[in-house]
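What follows is a single structure, written as structure tokens, with notes after it.
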2 protein chains.
Amino acid sequence: METGEGTRRVTIVDVAAHAQVSTTAVSKVMRNAYGVSPAMRERVNQAIAELGYRPRAAARGMRGQTYTIAVILPDIRNPFFPDIVDGITSHLRDTDYQVLIGTRSGIPRTDTDSELRLTDAIVDRGMDGLVLVAPAAGPVRLDATAKGIPTVVIGRHLRSAHHDTVVDDDARGAALVVDHLVGLGHRRIAHIDQREPERGRAETMPNAVRTRGYGEAMRAHGLEADLVSTGYTEEGGYLGAKQLLERTDRPTAIFAGADIVAMGVLTAVAEAGLRVPHDISVAGYDNTSFAALGPIGLTSVDQAGRQIGTDAARLLLDRVARRDRVSTFITTSPTLVVRRTTAAPAS
Amino acid sequence: METGEGTRRVTIVDVAAHAQVSTTAVSKVMRNAYGVSPAMRERVNQAIAELGYRPRAAARGMRGQTYTIAVILPDIRNPFFPDIVDGITSHLRDTDYQVLIGTRSGIPRTDTDSELRLTDAIVDRGMDGLVLVAPAAGPVRLDATAKGIPTVVIGRHLRSAHHDTVVDDDARGAALVVDHLVGLGHRRIAHIDQREPERGRAETMPNAVRTRGYGEAMRAHGLEADLVSTGYTEEGGYLGAKQLLERTDRPTAIFAGADIVAMGVLTAVAEAGLRVPHDISVAGYDNTSFAALGPIGLTSVDQAGRQIGTDAARLLLDRVARRDRVSTFITTSPTLVVRRTTAAPAS
DNA sequence: CTGAAAGCGCTAACAG
DNA sequence: CTGTTAGCGCTTTCAG
């Protein structure tokens, strides 16, 4: 127990000596490896407890695993991501694995570069697995990463032989919103999405797929798409809505690509002196906890983030155990949650 | 560059061979250590670039540093914490250090146990420094942790010789709110705080200090404190407010201990068919980005989370460099941001 | 200023 | 079922 000043940390050698066995035996017991008698297991465990021994991940990592899983989030402020993280950690709770989160939450967003740096850092630290949430990297890069470390990609519409994928049917989710608004009588429905600078990613990013779904649904109803591209942040929503509200012929409904975007939209609408849903309807995507808030009551698309996280964790552990197994692609179905920010247009 | 299947990862030995120098030289160049000629530095750097070499943190950690800083958050959903994280990462951006976040965001909250497990995991992974945000552990435990790894504690009103501390003047912040509400004419001002089960921590937890500040300010105005203890979560605010609103003689103002709590309060108020601030005033603490949202406009106390994070990062790097330096205690001054959820009482 | 050699703590082969 | 031995990739003495 002694946490004294100069006391050297207890190592596997100390445990082995204390239990009068070999270090191999201790190692095996820790990893629940095959080939240890119950008696020895008992003795070793007791020695571990008595000495308060804890294995060092770095040393283990040099030969075996580090028992650490990293989750890379594009943005720590988006309240949707905690749902995913919850799902992952809850699935890993009873295992030996530890979850650590990396984020490029700094100033620059949609930054492929900082994501790359983070991914490298994860690999350098010998982590056992990686969950990438809505990564910005291209398919080639993702494959290269996945070849080096078991990887699950969340949110990209991208099949790969090297990583597993869990993704929401974003096109369907967007259509759900459009259908709902059209059903209420709206014709001028605008969409605020995230600008997708790189051509190659356009088809596979969740935002792009939502945009496509929106466009197709509008067309199906014989309506014209009305797109404003800013970004999936509160500020993006604010700026996008400002732009839309300045028009003489402003839309009667705004479909924001994410709840966090809708938050900015609501702020802009309030500033313009308009009332929701009387003057304008607003819908979001993700069904975050903030959408349900009393003063908000945002109509939104639920994509079951917790479930997505759980699925990702399961796939990841699976792949850590068998790195060569065939890859899996899971699609989840979104549902619409109607609240108080959408209603029939006033006119 | 070859990211081929079986290609062994390039190590320091490969770099040394390529540059025709010793591994020691390479090691020194990487660490910007003393005693390398510019010519050699140049050669080594070129070899590193040509081979795309990246040092493995685990291996480095066995003898030296891992260049990794961990931040432990009590809750990933509270929108105040990203501000702190932003401050930390922005300060560390141009260093070799990498920030990784750990959170006990699972189901159980205020869980000393899961915090401990996380702290241990951080230490086991040989991280170079640790930032603890509003930790639940007691002083003895915190000291023990800090003895093992350079540590900065954010949010606890606790002076220690072993860790540095950055903390907001929570008592003053609470008084700011009470003074503001009393100035508007309120007399029945309730406070929703977080239950503090452990006696020993009562004086040092931010929530407890806010509660104390609230009580003292009320007394100074000759008013009686009215406390409901739930938790610093949205749900805590919801349940606490529900309880308060059921009373026949309900308060005219509710001061929530954190913005996230205020969110729950607003939901409960809306459900009760009451209007803010006409029927009841609501104030929060933290001045998160959500407080500024158009449909919210929450009056809140700003404690400059980004600045707190920056200070913490600076102190931490400082201590990583000189582990034996005297400890520092920084207090920041909160300011009140008045928005639209507070007004004179109706009666 | 440079390099050879000795570990850091652990796991994986390999023998007994 | 158990123990011995040889490294993993890096940093650190300590000589040259």
Side-chain angles (χ1 to χ4, degrees), chain A residues 7-45 47-48 51-68 96 120-121 123-128 148 320, chain B residues 7-45 47-48 51-68 96 120-121 123-128 148 320:
Chain A
T7 314
R8 207 179 79 280
R9 186 173 168 149
V10 5
T11 74
I12 198 173
V13 178
D14 303 320
V15 176
H18 190 85
Q20 313 222 53
V21 297
S22 71
T23 58
T24 309
V26 179
S27 175
K28 281 189 168 175
V29 169
M30 286 194 308
R31 291 174 290 121
N32 287 312
Y34 176 79
V36 228
S37 67
M40 167 160 284
R41 180 174 302 280
E42 172 60 28
R43 259 171 42 147
V44 171
N45 276 326
I48 288 176
L51 267 45
Y53 167 72
R54 298 189 55 88
R56 289 199 205 174
R60 302 181 87 170
M62 298 227 54
R63 300 292 278 168
Q65 302 184 227
T66 57
Y67 297 93
T68 314
D96 286 334
D120 280 345
V123 174
D124 295 344
R125 279 157 187 76
M127 308 231 173
D128 297 331
V320 167
Chain B
T7 315
R8 206 178 79 280
R9 185 172 169 151
V10 5
T11 75
I12 199 173
V13 178
D14 303 321
V15 177
H18 191 84
Q20 312 222 52
V21 296
S22 71
T23 57
T24 310
V26 180
S27 175
K28 282 190 169 176
V29 169
M30 285 195 307
R31 289 174 293 120
N32 287 311
Y34 176 80
V36 229
S37 66
M40 167 160 283
R41 180 174 301 281
E42 171 59 27
R43 256 167 49 139
V44 171
N45 276 327
I48 287 177
L51 267 46
Y53 167 70
R54 300 188 54 88
R56 291 198 204 175
R60 302 181 88 171
M62 298 226 55
R63 300 289 278 169
Q65 302 183 224
T66 57
Y67 297 92
T68 314
D96 286 336
D120 280 345
V123 174
D124 296 343
R125 278 155 188 78
M127 307 230 172
D128 297 331
V320 168

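FYI, side chains are in, hydrogens and waters are out, and symmetry mates aren't considered; it's all heavy atoms of this structure. In what follows, chains are A, B, ... by sequence order, proteins preceding strands, each numbered from 1.
Here dG9(C) presents its C1' atom at 15 Å from CZ of Arg54(A), a figure rounded to the nearest Å. When the C1' atom of dC1(C) is taken as reference, atom OH of Tyr34(B) falls 9 Å away, rounded to whole Å. The CZ atom of Arg43(B) sits 12 Å away from the C1' atom of dT2(C) (whole-angstrom rounding). The nearest whole Å value for the distance from the CZ atom in Arg63(B) to the P atom in dG9(C) is 9 Å. Rounding to whole angstrom units, CE of residue Met30(A) and C1' of dC10(C) are separated by 7 Å. In this entry the distance linking CG of Asn32(B) with C1' of dT11(D) reads 15 Å, nearest Å. The interatomic distance linking Met40(B) (CE) with dC1(C) (P) rounds to 11 Å, in whole Å. In this structure, Gln65(A) atom CD and dC10(C) atom C1' are separated by 13 Å, rounded to whole Å.
Residues that satisfy the salt bridge (Lys or Arg N to Asp or Glu O under 4.0 Å) test with Asp96(B), not counting sequence neighbours, are absent from this structure.
A donor-acceptor pair under 3.5 Å is absent between the side-chain atoms of Asn45(B) and the main chain of Glu42(B), judged by distance alone.
For dT11(C), the OP1/OP2 oxygens have a side-chain nitrogen or oxygen of Arg60(A) closer than 4.0 Å. Look at Arg56(A) and you won't find any side-chain N or O under 4.0 angstrom from OP1 or OP2 of dC10(C). Of the side-chain N and O atoms in Tyr53(A), one or more sit less than 4.0 angstrom from OP1 or OP2 of dC10(C). For Ser27(A), a side-chain nitrogen or oxygen approaches OP1 or OP2 of dT11(C) to under 4.0 Å.
Side-chain atoms of Met40(A) and Lys28(A), non-hydrogen and from C-beta on, never get closer than 4.5 Å to each other. The shortest distance between side-chain heavy atoms of Arg56(A) and Met62(B) does not fall below 4.5 Å. Between Val10(A) and His18(A), every side-chain heavy-atom pair lies at or beyond the 4.5 Å cut-off. Between Gln20(A) and Arg43(A), some side-chain heavy-atom pair lies under the 4.5 Å cut-off. Side-chain contact check for Met30(B) versus Ile48(B): some heavy-atom pair is nearer than 4.5 Å. You'll find the side chain of Val123(A) reaches within 4.5 Å of the side chain of Arg9(B), heavy atoms only.
In this structure, Arg60(B) CZ and Arg31(B) CZ are separated by 7.5 Å, a value rounded to the nearest 0.5 Å. Put simply, CZ on Arg125(A) and OG1 on Thr66(A) are 11.5 Å apart, with the number rounded to the nearest 0.5 Å.
With distances taken from any side-chain atom of Lys28(B) to the nucleotides dG3(C), dC10(D), dT11(D), the minimum falls on dG3(C).
A heavy-atom distance below 4.0 Å to DNA chain D is reached by these residues of residues 17-24 of chain A, ordered by number: Val21(A), Ser22(A), Thr24(A).
Remark on the helix from dC1(C)-dG16(D) to dG16(C)-dC1(D): inter-end axis angle 30°, axes from five-pair C1' superpositions, rounded to 10°.
Nucleic acid contact class of Val26(B) (heavy atoms, under 4.0 Å, all strands): none.
Judged by closest nucleotide on DNA chain C, Ala59(B) is the one of Arg31(A) and Ala59(B) placed further toward the 5' end.
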